[in-house]
Trainee: 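What follows is a single structure, and I will ask about it in a moment.
Remember, it's 1-based here, ligands and their atoms both numbered in the order they're listed.
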Amino acid sequence: MKKFFFILFFSAFCNFLHSQHDVSLELLTKHVYTLADDAMRGRYAGSSEGYQAALYIEKQFEEIGLTPFENTDFLQAFYLTNNKKCHNIIGIIEGKDSLLKNEYIIIGAHYDHLGYKFINDKIDVYNGADDNASGVATLIELARTLKKKENELKRSVIFAAFDAEEIGLLGSRYFSKQIPANKVKLMISLDMVGYLKQSKKLYVKGVANIENIKNLIKNIPFPQSSTIVLQNYETSILYATDTESYAKLGVPTLHITTGMKSPYHTTKDDADKIDYEGLMTITNFMIDLIDTLAKQNYLSPSGKKAHKNRGLAPFQAGLILNIGSNAGVLQKTAFHSTKLGFAIAAGPYMQINTKRIAIRTEVLYENKTFSFPQQINYTSKPIKITSQAITVPVSLLLISNLIEDSFYYYAGIGGFYTYNFHGKNAGKRMDFNKDINHHEGGIQSSIGFSAYKVNIGVTFRRSLSPTIINTPSVKNRSVYFSIGYSF
Ligand SMILES: [Zn+2]
């Protein structure tokens with residue numbers, strides 16, 4: 001607490017030196033300390049402490065005099081699949097131009113974080129001061145100043161504190177469906193803006209999404225101690241913020257952040273480490289930016305999109321289920337193949353996509369059966385052989401043009417390795433010294449299509465190495481119908 005008061009004193013002093021727009025360092029500090037307090041228990045989406053955080057933000061919006069979106073309530077409830085209730089807090093300053101007020105600029109900052117954990121029966125809280133109490137504090141104070149100059153704003157500006165970002169950008173996705181995408185001229189996410197002093201950089205990511213914005217930003221004053229880094233696109237496939245919910249709808253977006261300087265997603269992301277002066281600098285910058293953008297006669301999308309928002313994600317992972325049949329092919333005898341048996345294989349897969357080519361790797365638990373004559377001349381009844389194995393196929397997929405942003409056909413070739421670890425031969429436990437080889441390998445081909453998160457196809461697999469010991473002419477061959485789901 002001592003530190004807190006020191007910062008307040010210090011901040012009042014700096015406020016006097018720096019401020020261009022009467023941004024209160026004291027309030028910025030108070031918001032971060034309140035939201036990132038241990039009492040908020042890490043603001044997990046759907047938790048009662050998350051709701052307390054929502055009420056705090058609601059109170060700020062109310063005091064500032066924002067209007068609840070569509071005149072209902074600042075708090076917008078939505079539900080998780082486990083029925084837990086989450087809340088976005090949405091306020092608006094309506095534009096003053098009779099036409100342009102129907103165009104929206106949305107500024108979002110998620111307020112949820114990761115909750116808490118127990119270490120040796122002691123609670124350890126993910127306070128999420130940088131991620132993202134910093135963004136919410138900036139959002140609130142930005143709203144306060146813009147409300148005072150609302151008569152200058154032609155476009156409508158929406159302030160959105162989003163819930164459930166950390167568990168899948170759910171709050172922003174929920175709200176993105178409430179305004180037709182073509183009316184949203186720009187969506188900005190303030191996410192992790194608390195480390196300006198350490199990073200010396202304020203990143204503005206996505207400037208290629210919107211016409212002329214680079215020039216507009218260059219004219220905004222910014223202290224010389226740090227630089228504004230303009231990045232054309234958000235490129236990281238590992239890190240996503242609420243912009244993604246809008247980018248997927250074709251809305252131009254900007255992610256504003258001081259980068260990954262904080263103890264990201266650890267329990268050390270605390271309020272005393274935040275650069276509050278930096279928050280003030282960023283709030284001042286945001287005021288100028290929104291003021292400028294809300295006044296422009298035209299705010300047009302460039303039509304350019306980040307690769308990761310062009311429909312096909314660069315990285316996919318999911319689960320795949322294969323159901324089909326298996327047989328041993330007899331190559332040097334009169335019989336074409338053994339009797340068919342049932343085969344099933346299931347497991348996780350991952351796929352790396354480029355524009356035309358993808359690489360897919362699967363790790364499958366496989367269960368195959370086939371019937372095999374005890375003697376090659378088929379005088380006795382065939383016996384049933386089953387084997388359980390781990391199979392790892394790797395294939396190169398040629399993919400078609402995207403239809404409707406997420407539908408494509410594919411054709412693939414590749415190879416696989418199988419490790420048979422258990423099996424039965426005529427009901428008896430398989431003897432890996434006598435009956436079946438542990439190791440198998442071969443080639444495979446596949447065709448199919450992918451639509452949104454689902455892919456459906458047919459896979460042909462053929463062993464090049466013998467399945468049965470001492471009978472090199474018997475090689476497995478399987479055909480699978482496969483269905484995959486990517487997360
Ligand atoms: Zn975040």
Side-chain angles (χ1 to χ4, degrees), residues 28 31-37 40-47 49-50 53-54 56-57 80 86-90 106-117 125-140 142 159-176 187-196 198-199 201-206 231 233-248 253-271 273-275 278-279 282-283 286 306 308-309:
L28 285 168
H31 301 324
V32 174
Y33 268 85
T34 306
L35 293 169
D37 193 283
M40 288 291 181
R41 294 268 166 115
R43 312 181 302 279
Y44 196 78
S47 70
E49 293 85 3
Y56 176 81
I57 299 163
L80 303 179
C86 293
H87 299 87
N88 288 334
I89 307 101
I90 315 282
I106 298 176
I107 307 148
H110 75 89
Y111 71 93
D112 68 304
H113 196 51
L114 302 171
Y116 57 91
K117 61 180 178 185
V125 183
Y126 291 92
N127 282 321
D130 187 36
D131 187 11
N132 185 31
S134 66
V136 176
T138 307
L139 179 78
I140 293 169
L142 170 64
F159 302 87
F162 291 123
D163 201 353
E165 190 264 7
E166 301 283 8
I167 56 173
L169 315 174
L170 303 182
S172 53
R173 195 181 310 157
Y174 178 79
F175 187 60
S176 72
M187 190 276 172
I188 299 177
S189 174
L190 292 162
D191 197 352
M192 299 171 67
V193 289
Y195 276 65
L196 187 63
Q198 294 87 336
S199 119
K201 293 185 183 85
L202 181 67
Y203 298 92
V204 181
K205 301 180 179 185
Q231 283 186 8
Y233 302 108
E234 286 179 59
T235 50
S236 170
I237 55 170
L238 299 171
Y239 182 87
T241 180
D242 290 313
T243 49
E244 195 148 312
S245 305
Y246 285 86
K248 287 217 162 105
T253 61
L254 295 177
H255 174 204
I256 295 189
T257 179
T258 51
M260 306 288 273
K261 288 280 171 191
S262 60
Y264 177 65
H265 285 191
T266 71
T267 54
K268 301 199 165 54
D269 182 5
D270 290 325
K273 299 196 186 80
I274 297 297
D275 170 20
L279 278 192
I282 294 166
T283 309
M286 286 302 298
K308 70 170 180 173
N309 295 320

Trainee: For the side chain to side chain contact (heavy atoms under 4.5 Å, CB included) test, which of L254, L142, I106 pairs with I188?
Mentor: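 The option that passes is L254.
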
Trainee: Output yes if E166 passes the N/O/S-under-2.8 Å test against the Zn ion (ligand 1); output no otherwise.
Mentor: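 Checking the Zn ion (ligand 1) against E166, no N, O or S atom falls under 2.8 Å.
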
Trainee: Go through the side-chain N and O atoms of S172 and S245 and say whether any donor and acceptor fall under 3.5 Å apart.
Mentor: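 S245 and S172 do have a side-chain donor-acceptor pair below 3.5 Å.
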
Trainee: Among side-chain atoms of Y111 and D163, is any donor-acceptor pair under 3.5 angstrom?
Mentor: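 Y111 vs D163: donor-acceptor pair found between side chains.
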
Trainee: Is the distance from the Zn ion (ligand 1) to the nearest N/O/S atom of D191 under 2.8 Å?
Mentor: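 Short answer: yes, at least one N, O or S atom is under the cut-off.
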
Trainee: With the Zn ion (ligand 1) as the point of reference, which N/O/S atom of D131 is the closest?
Mentor: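 Among the N, O or S atoms of D131, the one closest to the Zn ion (ligand 1) is OD1.
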
Trainee: What verdict does the side chain to side chain contact (heavy atoms under 4.5 Å, CB included) test give for I274 and D130, after you've listed the backbone C-alpha separation in whole Å, the side-chain angles of each residue and the deciding distance to 0.1 Å?
Mentor: CA-CA 7 Å; I274 297 297; D130 187 36; 3.9 Å; yes

Trainee: Verify the distance test for H110 against the Zn ion (ligand 1): any N/O/S atom under 2.8 Å, yes or no.
Mentor: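 Coordinating: yes.
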
